[in-house]
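Both ligands and their constituent atoms are indexed starting at 1 by order of listing. Computed from a predicted structure; not experimentally measured.
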Amino acid sequence: MSKVSPVKGTRDFYPEQMAIRNWILDGWKASSIRNGFLEYDGPIFEHLQLFTQKSGEGIASELFSFTDRGDRAMAIRPEMTPTLARMVNQQINALPRPIKWFSMPRCCRAEKPQKGRLREFFQWNVDIIGPESVLADAECIFTAVDYLRSVGLKPDDIQCKLSSRKMLALLLEDQGFSEDELEPLYVLLDKRPKLSDAAFSELLEKTVPDAAKREKMMAIQALKSVDEIDELATGDAAKESVAELRELFNFLDSMGIGQYCTFDISIVRGLAYYTGPVFEIHDMKGSLRAVCGGGRYDNLLAGLGGQKVTGTGFGMGDVVLEILLTERGLLDVKTQNMDFFIIDADKERFEDVLKLTFQLRSRGYSASFSYKRAAIGKQFKQATTQNARFSIIIEPDFPENSNINIKNLADGSQHQYFLEEFLADPTIAMN
Ligand code: HAM
């Protein structure tokens with residue numbers, strides 16, 4: 001039989017990696033809860049159509065899809081937002097608003113595996129559905145930054161780069177671009193940070209044949225602040241969308257995370273359903289892909305057969321995040337501890353070892369023992385390997401002598417207790 005290798009772009013979580021994953025997901029969950037979000041989940045696969053309908057070409061070309069036995073087209077979820085929209089649509093009249101939900105799904109995308117991109121990853125999703133105010137966008141951004149700040153990332157490590165698709169569309173329309181010219185321009189802007197000036201000009205020439213329009217586009221991509229946009233915007237709608245973006249920045253300032261946020265016209269996002277503010281969180285060294293991305297979607301729920309209800313939110317992947325935190329020395333994963341490791345000084349006492357182990361476990365303490373009847377030294381070694389905090393030695397003359405010896409393995413101090421006294425309250429030995 002030949003050995004079956006793991007699938008490219010997937011990960012095996014041995015205990016050491018599992019501890020990191022749990023640490024990341026616990027942090028996400030804690031930030032969600034302190035910011036008032038409720039947890040939800042959905043199925044790992046859905047009808048294919050749910051993902052092809054509104055997410056756009058990018059995601060559709062990266063789907064793991066299959067046909068089930070009833071000949072129905074299915075896909076493993078590449079993202080959570082369509083599932084969220086479907087679930088909310090199903091119960092829209094029964095759900096109290098605003099809907100503030102979070103989830104930490106495992107997602108799959110048939111991407112070419114590379115640094116920060118795998119075929120299977122965990123993605124923290126935080127969304128608010130209902131409110132039209134950019135306060136909801138600000139609250140989602142705050143939740144992401146709140147987490148990243150809590151693990152030690154500073155404004156010079158990461159920045160949330162923000163723009164608005166609505167504002168960009170209105171600005172471009174103000175400048176004479178038609179609606180069907182917008183999509184290719186978004187793609188171009190999205191690529192802008194990775195292109196040299198010359199490469200950008202070359203692509204622009206291909207996308208926009210008209211020289212006068214090209215000049216306008218050059219001016220737009222060079223805009224560096226909301227004030228500069230305000231100067232260029234002429235129509236009322238465009239002015240209004242600039243005011244909305246300004247309001248969003250004001251909320252972020254009031255929330256105390258202004259230093260983490262910057263305006264960036266190149267942020268347009270790859271997913272087709274975004275309609276309003278859009279944002280991505282990037283590491284400032286710029287060597288990694290986005291840690292997080294999100295924005296407002298006005299038409300997604302209606303587009304999936306629901307009412308016209310707006311939503312906003314983001315997804316943060318564990319892969320880029322783990323690389324970033326490792327690079328900055330900020331992974332702070334505690335090893336799993338064992339409370340008690342019970343040792344027999346004589347193999348005749350093994351039954352007593354087992355009895356005490358299971359008595360302690362029944363009382364809610366973690367406890368273990370050696371499977372091999374070995375010398376005390378070897379059993380101590382196992383206690384250390386299993387990160388036990390205390391060892392308990394059952395002496396050869398037990399139970400005539402009903403004392404047990406408890407050793408604190410961190411500082412080496414030892415104390416004797418009557419077994420009954422210890423079992424009545426094991427914490428007496430743990431301080
Ligand atoms: P997205 O930009 O496609 O947005 O993904 C968000 C984040 O998920 C990325 O910034 C990245 O950290 C992570 N991610 C995506 N693809 C991969 C991959 N192949 N390997 C590792 N990590 C990956 C969305 O998915 C939107 N549905 C987010 C959203 C929620 N918008 C509103 N609500």
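No side-chain donor-acceptor contact under 3.5 Å links Asn93 and Gln91.
For ligand 1, the polar-atom distance check finds no N/O of Leu271 at less than 3.5 Å from any of the ligand's N/O atoms. Checked by distance only, ligand 1 and Val126 stay at 3.5 Å or farther apart across all their nitrogen or oxygen atoms. Here's the thing with Val291: one of its N/O atoms is less than 3.5 angstrom from an N/O atom of ligand 1.
A cation-pi arrangement, defined by a distance under 6.0 Å to the six-membered ring centre and an angle within 45 degrees of its axis, is absent between Arg77 and Phe51. Annotation: cation-pi pair Arg389/Phe340 absent, no NZ/CZ under 6.0 Å from the ring centroid and within 45° of its normal.
For the residue pair Glu280 and Arg269, the shortest heavy atom distance occurs at OE2-NH1, 3.2 Å.
In Cys107, neither the side chain nor the backbone holds a heavy atom less than 4.0 Å from any atom of ligand 1. The part of Tyr274 lying near ligand 1 is the side chain, judged by heavy-atom distances below 4.0 Å.
The closest approach between any non-hydrogen atom of Tyr273 and ligand 1 is below 4.0 Å.
Compare Glu280, Arg289, Arg117 by their heavy atoms: the one nearest to atom 9 (C) of ligand 1 is in Arg117. Of the candidates Met80, Glu62, Glu79, it is Glu79 that places a heavy atom closest to atom 27 (N) of ligand 1. Considering each of Arg119, Glu111, Arg269, Glu120, the one bringing a non-hydrogen atom nearest atom 1 (P) of ligand 1 is Arg269.
Side-chain contact between Thr310 and Arg296: present, with at least one pair of heavy atoms (C-beta onward) separated by less than 4.5 Å. The shortest distance between side-chain heavy atoms of Phe102 and Lys29 falls below 4.5 Å.
Salt-bridge annotation for Lys285 and Asp157: absent, with no side-chain N of the basic residue lying under 4.0 Å from a carboxylate O of the acidic one.
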